[in-house]
Structure formats: structure tokens, C-alpha cells
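Below is one structure, written out as C-alpha cells; comments come after it.
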Amino acid sequence: MKRIQVVSFALLAVTSVAANNVGRMDTTTFKLNEVVVSASKWKQNMREQPKRISTIKPEQFLFENPQTAADLLELSGQVYIQKSQLGGGSPMIRGFSTNRLLYSVDGIRMNTAIFRSGNLQNVISLDPFAMESTEVLFGPGSVIYGSDAMGGVMSFTTKNPVFSLRAGKVKVQGSATARYSSANNERTGHFDVSVGGRKWAFLTSFSSFTFDDLKQGSHGPIDYLKPFLVQRHNNKEDIAITNPNPLVQSPSGYSQINLMQKIGFRPSKNWDLQYALHYSETSDYARYDRHTRIKKGLPQYGEWNYGPQVWMLNQFTAQHMGQQTFYDRMAVRLAIQRFEESRIDRRFNKPTRSTTKEIVDAYSAGIDFTKNIARHTLYYGLEYVYDDVRSNGSETDITSNETKKGLARYPQSHWASYAAYVQALFRLTPRLNLEAGLRYNYYDLTADFSNNNLELGFAPKQTNRKGALSGSVGLTYQPAADWLLSLNAGRGFRTPNVDDMGKLFDSVEGSVVVPNPGLKPEYAHNVEMGIVKTFGSFLKLDLSAYYTHLSNAMVRRDFTVNGKDHMPYKGEEAKILAIQNAASAYVAGFQLGCYATLPMGFGYNMQLNLQHGKEELDNGDKSTIRHAAPFFGRAALTYRHDKLTMELYTQFQAKRSYEDMPDSEKSKTELYALDGDGHVYAPAWFTLNLKAQYKQGKHFLFNAGLENIADKRYRHYSSGISAAGRNFIVSTTYVF
């Protein structure tokens with residue numbers, strides 16, 4: 001008898017290992033030796049990594065069928081997703097969100113100079129069907145990733161073309177998927193195909209997504225219902241009509257396409273060259289939460305839409321593997337990205353439609369090295385990023401179709417970052433590892449405010465040039481094969497970007513935000529401890545506890561222009577605000593994971609997340625930090641037998657009372673339920689869901705699911721749109 005052991009699989013005993021003898025390996029739930037890439041951009045053993053990292057594999061995506069890349073992140077059970085509209089998804093990680101988190105695609109920074117502190121939906125530009133692996137690194141990651149990597153890093157690795165291993169043979173493989181979801185009448189189609197020889201390989205991937213208005217559940221707070229719709233009557237007036245089905249959140253539907261093309265070339269065994277094109281474009285889509293606002297008994301807006309969100313990435317990567325003097329492996333990454341976004345809004349029964357459009361061309365060049373020195377490993381590199389921001393505004397009279405120049409959202413700007421980093425992994429003993437790193441970043445922001453002819457109280461051309469230093473140090477210790485202990489401390493940073501320093505007139509109810517050229521970087525100082533314990537091959541417990549202090553925080557505060565604290569804006573006197581380095585904050589919490597292999601093909605997994613944070617207000621008081629989600633988690637019972645996989649799971653969130661609400665959220669009655677005193681609060685909720693997958697032969701996967709079985713009407717904390725009600729999902733995948 002022979003015994004076969006593969007990482008992450010249970011021990012398999014077979015009597016023969018002949019070429020045609022096939023045995024089945026059941027997956028186990030403990031993975032102390034899992035390989036991750038987000039910690040250094042190179043493959044590393046999780047056992048040597050002091051930071052907490054969660055990995056989402058393609059098999060999990062194919063089984064769970066998330067609609068967007070934001071929903072894909074939620075599969076981890078450790079990332080909280082906020083949505084202001086169906087075409088959205090703003091991750092919250094350990095009390096941080098928006099431009100205090102970093103997105104990386106195949107090692108390329110996705111964050112731009114106009115990533116804002118308000119909720120972001122850029123992650124939906126990514127195609128979940130194109131992912132080879134998705135990793136979430138928790139806590140500061142600025143040593144490797146630079147600015148914005150304060151609360152965490154979401155690292156997306158996309159599929160690569162597959163080369164043939166035999167001369168003269170062409171390797172062809174791919175897949176095609178069709179999916180339908182009932183809650184928003186989703187119609188999704190995807191295909192990808194890889195064709196590879198010994199030296200050349202090609203991969204094409206295409207996805208199309210179409211969503212109608214989202215229907216919420218039947219049982220829950222009446223505050224979430226949509227009782228009215230706005231219609232334009234004879235192009236003369238807006239009228240509010242009764243929504244024939246208040247469960248339907250209209251307008252919320254949209255569509256999207258994604259394309260990925262990769263070309264790989266291996267001129268020799270030591271070189272790997274690749275060109276990649278990514279393209280994503282959405283239709284126009286409504287910002288749903290603005291369509292629920294009421295002012296003086298009438299809808300506040302006749303229109304509020306985002307224009308098409310466009311993202312294009314052209315990337316060239318060259319990797320060299322060889323025992324050189326200064327490196328064993330080298331990767332050069334060159335990239336050009338284009339981001340386009342726009343906002344279109346018009347007040348109810350007002351003829352003027354305001355439109356702002358932003359285009360960002362982002363150029364980046366990076367070179368990363370790794371070198372083994374004795375039993376230790378050195379990682380180091382250089383990075384250059386340059387963002388060119390162009391912004392314009394227009395105002396159109398919808399009755400006459402006359403258009404004139406309007407206020408631009410941003411100045412014409414350039415943002416550049418120059419950085420060098422070094423990180424070392426010292427394998428002190430077979431059980432003890434030390435990892436330490438340091439990064440220096442110098443940034444240069446130039447903004448020209450003359451595109452808006454306004455009196456702002458300073459010269460139209462402004463610069464902001466400063467440096468930022470970040471570092472980290474961590475230990476991992478494995479006292480026994482079934483224990484792993486880690487301790488890590490790190491400093492993350494975020495440099496002021498164009499949105500911070502130069503945003504013009506981003507409307508807040510009764511207020512207006514103006515530029516502040518004097519901003520400085522903000523810093524997050526984090527310390528955390530992790531414990532992983534396995535019990536044989538049937539149970540794994542994973543606990544992390546952390547504390548993060550945010551200093552020099554960039555927050556919105558009262559401001560004056562030319563000695564005045566109010567100014568006219570769109571025909572109304574508005575209070576003047578600006579982003580300033582005026583606060584500190586902290587977040588503390590823990591993350592717990594439990595994974596068990598049970599008898600008869602059953603399994604269990606659970607993730608729990610508790611976080612609590614406070615931020616300093618303008619008057620010196622303390623308030624709950626806005627992006628610290630209430631207690632939330634996910635628990636699932638799984639069953640596997642032969643070709644069938646099933647999962648019964650629940651997702652849940654605890655209540656957040658009015659007293660524990662962030663001060664900035666207490667006036668947002670359009671987002672939350674109201675308690676008996678008429679105050680906003682976020683009700684607790686949980687869902688019961690069932691998924692199943694059946695494998696037919698080698699080529700077909702059939703999936704079905706029933707989400708929110710009890711048809712509950714619920715809303716994620718801080719979200720402006722309710723989650724789906726009872727939702728039936730069916731999909732078919734053909735693999736070849």
C-alpha cells in the first residue's frame with residue numbers, strides 16, 4: 001500500500017499508483033503551508049508570514065456565484081461590503097474603507113489620485129470570472145504597496161495563458177458559463193479560452209452582465225421600502241408617482257462588459273514575458289440612495305446617475321529567473337491605465353442638469369527583486385507612479401437643450417510617487433522567523449484650479465510635495481506542528497491625493513467642500529497577534545487580535561474662504577467644509593475562524609469579526625468611527641459526496657443603535673431604519689441560504705442556489721440600497 005499526501009488534501013491510501021489508476025482526494029480545512037503572494041508580490045509560505053491573509057480560490061467563486069468582484073470579496077466572511085447602489089460595492093476592512101484600502105491587480109496599483117473618502121465602487125470594474133486567486137491582506141501593507149494600504153490590501157491575480165509542455169503540441173483549454181438570478185433578473189454570460197504552444201500562449205476572456213432593478217425582501221423595516229418613482233411629464237415637469245411594487249428598488253439596474261486578453265512569450269527557460277489588456281465598461285447607473293431622499297415632502301432629485309464607469313489596463317510584465325549576483329528572480333511591471341467616470345444630477349423640477357466628468361491616465365513602472373542569502377530571503381524594489389487628472393463640468397437646460405460650462409469637480413492635476421522598499425525574511429531557526437521591511441515614498445502633487453474661475457483665497461496653481469516613511473516587523477513561531485503564533489507591528493500611510501487637496505464643491509446636504517492645499521500624509525500604526533491551532537485533520541482555529549491608531553487623519557471640518565464660513569452654491573447658501581489634518585482615531589478588534597472536517601462528508605466553517613473604533617470630532621468629542629462595521633460573520637455547513645457539493649450557510653450582522661451610530665451618520669434618514677424615537681439605527685439581520693453544485697463527467701458543472709430563503713428585508717450597515725430578497729440562482733459551466 002502507498003500513501004500520498006498533497007498540501008491541503010487529506011491523506012489518501014491506494015494499492016496502486018499506475019498511470020491509469022485514479023483515486024479521490026477529499027479537501028481538508030487546515031492549510032498551515034498555503035502559498036500566498038500578496039505579502040511580498042512573490043510566492044511565500046503562509047507559515048512564514050506574520051500578517052493575516054485570506055484567500056478566495058476560483059472553485060469557491062464557481063460554487064457561490066457572486067455577481068460582482070465586491071460580492072466575491074464578501075465570500076471571505078471577513079470583508080464587509082457597503083453599497084449605495086446596485087452598481088457598487090465599497091469594502092470595509094478593520095474600520096478602514098475607500099482610499100484607505102488598496103486594490104492591486106497582477107501587482108499593479110489600481111488606486112488613483114481621485115480615489116475619495118466617500119464610498120467607492122471601482123472594484124466592480126474587475127471580472128470575478130477572470131480571477132485565478134483573490135487575497136485579502138489585513139492591516140497596513142504600505143511597505144510593499146505604498147500609499148493607501150492602511151487598513152488592508154485586496155490583491156487580485158488574474159488567469160494566465162497556459163503553455164504546452166510538449167514540442168509540436170498545442171494545449172487548448174477554457175470554460176463557458178451562463179447564469180441567471182431572479183432577484184434582479186440577472187443574465188450573465190462568460191467564456192474564456194487559452195491556446196498555448198511551447199513558446200507562445202494566448203488567453204481571451206469575455207463576460208457580459210445585465211441586471212434589472214433589485215427586488216428586496218418582503219419582511220423587514222418599512223423604512224427601506226421605495227413608495228414612489230420620479231417621472232418626467234411632457235418634458236415640462238417632474239412628477240412623483242406611486243411605485244406599483246415598493247419592494248422593487250428603482251432605479252437600480254445596469255449592465256457591464258469585461259474583456260481580458262493576454263499574450264505570453266517564453267524565449268528561454270529563464271524568461272517569461274507577458275502583455276495583458278483589461279477593459280471594463282458599465283452602462284449609466286443610478287445612485288439609488290439619492291433617489292430615496294425627500295425634501296419638503298417631495299423627492300430631492302429628478303436625476304442622479306453615474307455615467308459609464310470605464311477602466312482599461314495595458315500591462316507588460318517581464319520576469320527573469322536565475323542565480324544572478326543581486327537577485328534570483330526579477331519582475332518588471334509597466335502599466336498604463338485609464339479611468340473614466342462621471343456624475344449627472346438634477347434637482348426635482350429644476351431644469352438644470354449638472355454633469356462632471358473625470359479622466360485619469362495612470363502610468364506606473366516597478367521593478368521587484370528577490371534574493372536568497374543562505375537560508376534567508378531578501379525582497380526589494382523601486383516604483384514610480386504618475387497620474388494625470390483631467391476634469392470638466394457642464395450645465396444643460398433640459399427644456400432648451402442649451403449647454404454651458406459648469407464647475408469641474410477637480411483641478412487639472414498631476415500626482416507622482418517615487419518609492420524604494422526593502423523587506424527581509426530571516427529564518428532564525430526551523431521554528432522561528434523574523435520579517436522586517438522599510439519603504440520611503442516621495443510624492444509630488446500639482447493642481448491648477450484655473451479651470452474654475454472662482455475666488456478660492458489662494459493662487460490658482462498649488463503644489464504639495466512631501467515624503468512618507470513606513471515600516472513593519474513581525475515574528476512567526478511554530479512551537480509544534482499544530483501550532484502557529486504570530487506577532488506583527490506596522491506603519492501604513494496615505495499621502496494627500498487630488499480628491500483630498502483639490503475637490504471642488506462636492507455637495508453635502510447644506511454644505512459645500514472646498515480645496516485645501518496644505519494637507520500632510522496620515523498614518524496608521526498597527527499591532528496584532530495571531531494564533532492558529534489545528535487538532536488532527538478535523539479542526540482548525542484561527543484567531544487574530546489587533547489595534548490600529550490613525551494619526552494626522554484627513555477629515556472633513558469647517559473651513560473659511562476669504563474670511564467667510566458660508567458661500568453661495570447652486571443657488572443656496574452653503575456651509576464651507578474642507579479636508580484637514582485635524583483628527584485621530586483608533587480601531588480595535590478580533591477575527592476568528594473555525595474550520596472543521598466532520599464525518600460522512602460533512603464540514604463546517606465560520607468567520608466572526610468584531611471591531612470597535614472611535615474618532616475625534618471637531619469639538620473634541622469622540623464618535624464611533626464611520627467604517628467600523630457592526631459585529632458580522634458567516635457560518636456554513638457543507639456536504640460533499642462524489643460529484644455533489646452542498647452548502648447551507650448564514651450571513652449575519654448585529655444591531656447598531658442610534659447611541660452607537662457615527663456622528664456623521666445620524667442625519668442620514670434615507671439610509672437607515674428609524675427607532676421608536678424617530679432616530680436612525682442599523683437593525684440586526686441574518687439570512688439562511690442554500691447552494692448546490694453537481695459535476696457531470698469531466699466537462700459540466702451545474703449550480704443552483706436559494707439565497708435569503710426567509711425573504712427578509714435587510715440592509716448592510718451604511719448602505720443606501722437593501723440586499724436582495726429571496727433569490728434563486730442557476731448556472732451552467734462547461735469546462736474544456
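Because the structure is a prediction, the values reported are computed rather than measured.
Under 4.0 Å is where a charged nitrogen must lie from a carboxylate oxygen, and between Arg343 and Glu358 at least one such pair does. Taking a cutoff of 4.0 Å between a charged side-chain nitrogen and a carboxylate oxygen, Arg179 and Glu186 qualify as a salt bridge. Checked for salt-bridge contact, Lys668 and Asp289 miss the test: no charged N lies under 4.0 Å from a carboxylate O. The existence of a salt bridge linking Asp361 and Arg390 is confirmed by a sub-4.0 Å separation between a basic side-chain nitrogen and an acidic carboxylate oxygen.
No more than 12 heavy atoms of other residues, nucleotides or ligands sit less than 6.0 Å from atom CD1 of Ile222. More than 12 heavy-atom neighbours from other residues, nucleotides or ligands sit within 6.0 angstrom of NZ on Lys712.
Each of Arg346, Arg347, Lys350, Arg353 was compared with Asp238 under the salt bridge (Lys or Arg N to Asp or Glu O under 4.0 Å) criterion, and only Arg346 meets it. Just one of Asn562, Thr560, Ile576 meets the side-chain contact (heavy atoms from CB on, under 4.5 Å) condition when paired with Met567; it is Ile576.
In summary, the side chains of Gln82 and Ser84 do present a donor paired with an acceptor at a separation below 3.5 Å, with no hydrogens or angles considered. Donor-acceptor pairing under 3.5 Å is lacking for the side chains of Asp284 and Asn305. Between the side chains of Gln256 and Tyr285, no donor-acceptor pair is found at a separation under 3.5 Å. Between Asn258 and Ser207, the side chains place no donor N or O within less than 3.5 Å of an acceptor N or O (distance only, hydrogens not considered). No hydrogens or angles considered: nothing links the side chains of Gln67 and Thr188 as a donor-acceptor pair under 3.5 Å. No hydrogens or angles considered: a donor-acceptor pair under 3.5 Å links the side chains of Thr403 and Thr396.
Taking the six-membered ring where the residue is Trp, Phe339 and Trp311 present tilted rings, their angle falling between 30° and 60°.
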Trace of the salt bridge (charged side-chain N to carboxylate O under 4.0 Å, His left out) decision for Arg187 with Asp212:
CA-CA 9 Å; Arg187 291 90 72 199; Asp212 291 345; 3.2 Å; yes
With side-chain hydrogen bond (donor to acceptor under 3.5 Å, both in side chains) as the test, would you mind laying out the steps for Thr624 and Asp660 before giving the verdict?
CA-CA 6 Å; Thr624 299; Asp660 196 35; 3.0 Å; yes
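Listed by chain and residue number, nothing satisfies the ring pair (Phe, Tyr, Trp, His ring centres under 6.0 Å) test with Phe728 (two or more places apart in sequence, or in another chain). Scanning for ring pair (Phe, Tyr, Trp, His ring centres under 6.0 Å) contacts around Phe211 gives Tyr254, with sequence neighbours left out. Under the ring pair (Phe, Tyr, Trp, His ring centres under 6.0 Å) criterion, His549 pairs with no residue at all, not counting sequence neighbours. Taking Asn619 as the reference, Leu617, Asp621 meet the side chain to side chain contact (heavy atoms under 4.5 Å, CB included) condition, with sequence neighbours excluded. Residues meeting the ring pair (Phe, Tyr, Trp, His ring centres under 6.0 Å) test with Tyr80, sequence neighbours left out: Phe632, His716.
Sorted by first and then second residue, the ring-ring contact (aromatic ring centres under 6.0 Å, His included) pairs involving residues 658-683 (not counting sequence neighbours) are Tyr658-His679.
A cation-pi arrangement is present between Arg715 and Tyr224 under the rule of less than 6.0 angstrom and at most 45 degrees off the ring axis. Both tests pass for Lys226 against the ring of Phe228: distance under 6.0 Å to the centre and angle within 45° of the axis.
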